[in-house]
Amino acid sequence: MQMRAAVLRQVGQPMTIETVGIGPVQPGDVLVRVGAASLCHTDLEVITGQLALALPAMLGHEVAGTVAALGEGVTELAVGDAVVLSWNPHCGHCFQCARSQPILCDRFLANGPKAGHFDGSSRLACDDGGALHQLMYLGGFAEYCVVPAQQAIRVPAALPADRACLIGCAVMTGFGAATHVARIEWGMTVMVLGAGAVGLAAVQGARLAGAGRIVAVDPNSARREIAARVGATEVCDPAAADPAEFARSLTEGRGADVVIEAAGVVAAFRTSLEAVRPGGQVVWLGKLGVREGVEFRWGSLMQEKRIIRSSYGGARPRQDFPMLAQAYLDGRLDLDALVTGRLRLEQVNEGFAALRRGEAIRSVVVFD
C-alpha cells in the first residue's frame, strides 16, 4: 500500500512530504494507523547530523495510533485497538535480555544501524522503489507504521493520541528515571536539571514516588513555571543561582539525594555531580555528541556517589505504558502541559525549527 510520509533525504535539509510504499504485513507484524507523532530531540540530532542514520529515512519515534491490520499469528491485539509504540523491541532471550536489560538486546543493537524493521529487513520503499530507512524501528512521521506486535502496546481508547504519543519516549524516559532507575523514596530531595518534556516527566515521577522536595532547574522561566505546576516544590534559574549551592541550602549542606540530568548540556552533567549529596544517586538522561568530551572536578566524583546512564528509564512497556495512560486519565499525570503545539504533517519542518530554537517542549504532528 502507499501512504504520505515526511522523508529526510539529506542531513541539514528540510524533510520532504512524499508518497512512499509500506508493507506487506508479515507474520508477527502489526499495521498501525498513526494518530499522532511528536517531535523529539533525537529526531533533530539526525536532521543536524549529530546522530548518523542511513538516508533517505523516515523519522519519528514517539507514536500513537490504532491497529489497522494484524499479521499472521498476532493474537494479543485486535483491529481498532488504541496503541502506543515502543522504540525498543527485543528478542527476549539473548545475554542482555536474560539479565533484564532489553535496552541492550543483542538483536536490537545489531539491527539498529540497518535502520529498518526489527528483523533486519525493510517494510518501506521510496516511490521509485529505492530503499527507505526508518529511525529506531519506527518512522512515525507517516500515515502508517509496520512494527512487530511487541512494539504496539494497547492503551485505553479514551487517551487522546496527541497525548498518548508522549508516553512512547519522553514520558517513559523521565518518569522511569525517577521510579525505576533512581528508585526515589518517600521524603527524598530530588533535583531535575532541565525542564523539557523528559525533565517534566521526571518531576512528575518524583512527585508520584513521594519525594519531599523536588527542585526543577531550567534557564527558561516559562518551563520553570510549568515545572512548578506539575510538581516541583522549588525552581532554580541556573543563570541566577548555582544549582549545587541551591540544593545544599535546602538540605543542611548535604546536597540532593537524587539528581536527574535531563538537559543534555555539558554544564548540566557537571552540575549533577556537584549537586548530589555524598552517597547519593545521579541519573544521566541527556545526550551530547558521541565524540564530545566532558570534564569533571575529581572531588565531585568522590564520596560514594553513584552514577547511571539511562536511555529509556528502565522501560517495561507492557506494564508501564498502560499505567501511565491510566495515570493521565485519573488526573495524576499531566501530559497536557508538555504539548506546546499541534501541527499537520506538512508543518513538520517548522516544528523542528521551533524545537531547535528552544521554543517548544513537544510539538505533535496530528493525523486524526
Side-chain angles (χ1 to χ4, degrees), residues 28-30 40-43 45-46 50-54 57 59-63 84-122 133-140 145 147-153 167-184 197-198 201-202 205 258-262 264 269 272 281-294 305-324:
D29 281 351
V30 174
C40 175
H41 277 90
T42 300
D43 302 303
E45 289 169 11
V46 177
Q50 190 176 17
L51 177 63
L53 183 72
L59 311 183
H61 63 281
E62 288 187 351
V63 186
V84 173
L85 303 188
S86 166
W87 53 261
N88 180 215
H90 48 279
C91 71
H93 54 74
C94 70
F95 177 89
Q96 299 290 1
C97 285
R99 287 155 179 78
S100 300
Q101 292 183 302
I103 195 68
L104 299 175
C105 169
D106 291 344
R107 186 167 153 197
F108 173 78
L109 296 179
N111 284 343
K114 298 178 182 178
H117 191 274
F118 187 50
D119 64 11
S121 66
S122 177
H133 302 92
Q134 59 200 92
L135 175 65
M136 297 168 73
Y137 300 103
L138 288 176
C145 280
V147 296
Q150 65 161 294
Q151 286 184 254
I153 311 301
I167 292 174
C169 184
V171 171
M172 182 68 255
T173 301
F175 189 96
T179 57
H180 296 337
V181 182
R183 299 176 186 262
I184 291 168
V198 174
V258 173
V259 177
I260 298 175
E261 186 285 321
F269 286 104
S272 67
Q281 170 97 358
V282 173
V283 181
W284 286 339
L285 301 178
K287 293 180 291 182
L288 301 172
V290 294
R291 293 179 177 82
E292 189 171 352
V294 183
K305 297 176 181 180
R306 291 163 292 149
I307 307 165
I308 188 167
R309 160 68 186 165
S310 177
S311 299
Y312 207 8
R316 308 165 305 180
R318 289 193 180 280
Q319 294 87 12
D320 293 331
F321 288 10
M323 176 272 293
L324 291 167

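Scope of the values below: all heavy atoms of this structure, side chains included, with no hydrogens, waters or symmetry mates. Heads up: numbering here begins at 1 and tracks the sequence.
Applying the salt bridge (Lys or Arg N to Asp or Glu O under 4.0 Å) test to residues at least two apart or on different chains, the pairs with a partner in residues 101-121 are D119-R123.
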Note to self: Determine whether N111 and H117 satisfy the following criterion, side chain to side chain donor-acceptor pair (under 3.5 Å), listing intermediate values before the conclusion.
What the structure shows: CA-CA 8 Å; N111 284 343; H117 191 274; over 6 Å; no
Notebook entry, point to check: After noting the C-alpha distance and the side-chain angles of L85 and I153, does the key distance pass the side-chain contact (heavy atoms from CB on, under 4.5 Å) rule?
Noted result: CA-CA 6 Å; L85 303 188; I153 311 301; over 6 Å; no
Next item on the list: Apply side-chain contact (heavy atoms from CB on, under 4.5 Å) to I308 and V181, showing your working.
Entry: CA-CA 8 Å; I308 188 167; V181 182; 3.5 Å; yes
Note to self: Test side-chain contact (heavy atoms from CB on, under 4.5 Å) on H180 and F175; report intermediate values, then the result.
What the structure shows: CA-CA 8 Å; H180 296 337; F175 189 96; over 6 Å; no
Note to self: Could you go through D43 and H61, starting from their C-alpha distance and side-chain angles, then the distance that decides it, and tell me whether this counts as side-chain contact (heavy atoms from CB on, under 4.5 Å)?
What the structure shows: CA-CA 8 Å; D43 302 303; H61 63 281; 3.2 Å; yes
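Expressed to the nearest 0.5 Å, how far OH of Y137 lies from OG of S86 amounts to 11.5 Å. Considering NE2 of H90 and OG of S100, their distance stands at 9.5 Å, rounded to 0.5 Å. Interatomic distance, CG of D29 versus CD of Q151, reported as 9.5 Å (0.5 Å rounding). The line from CG of L53 to CG of L59 is 7.0 Å long, rounded to the nearest 0.5 Å. The distance from the CH2 atom of W87 to the SG atom of C40 is 9.5 Å, given to the nearest 0.5 Å. To the nearest 0.5 Å, atom CE of residue M323 and atom CD1 of residue I167 are 9.0 Å apart.
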Enumerate donor-acceptor pairs with a distance under 3.5 Å from any side-chain N or O in residues 283-292 to protein atoms, sequence neighbours excluded.
| unit_1 | atom_1 | unit_2 | atom_2 | d |
| --- | --- | --- | --- | --- |
| W284 | NE1 | S272 | OG | 2.9 |
| K287 | NZ | T42 | OG1 | 2.7 |
| K287 | NZ | E45 | OE1 | 3.3 |
| E292 | OE1 | G289 | N | 3.4 |

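Residue R183 qualifies as open at atom CZ: its count of foreign heavy atoms under 6.0 Å is 12 or below.
Looking only at side-chain heavy atoms (C-beta outward), R316 and F321 stay at 4.5 Å or farther from each other. You'll find the side chain of V171 reaches within 4.5 Å of the side chain of L324, heavy atoms only. The side-chain heavy atoms of V84 and M172, taken from C-beta on, include no pair separated by under 4.5 Å. Side chains of K305 and Q281 form no contact here, defined as non-hydrogen atoms less than 4.5 Å apart.
Residues meeting the salt bridge (charged side-chain N to carboxylate O under 4.0 Å, His left out) test with E62, sequence neighbours left out: R362.
The nearest pair of heavy atoms linking C145 to L138 is SG-O, 4.2 Å. The shortest heavy-atom contact between F108 and P89 is CD1-O, 3.4 Å. The minimum heavy-atom distance linking Y312 with C169 is given by the pair CE1-CA, 4.0 Å. Between L135 and G60, the shortest heavy-atom contact is CD2-N, 4.4 Å. Minimum interatomic distance between S311 and I103 (heavy atoms only, all atoms of both residues): CB-CG1, 4.2 Å. The two residues V198 and A262 have their closest heavy-atom pair at CG1-CB, 4.1 Å.
One N or O on the side chain of N88 and one on the backbone of P102 form a donor-acceptor pair closer than 3.5 Å.
The cationic atom of R99 (NZ for Lys, CZ for Arg) lies less than 6.0 Å from the six-membered ring centre of F95 and within 45° of the ring axis.
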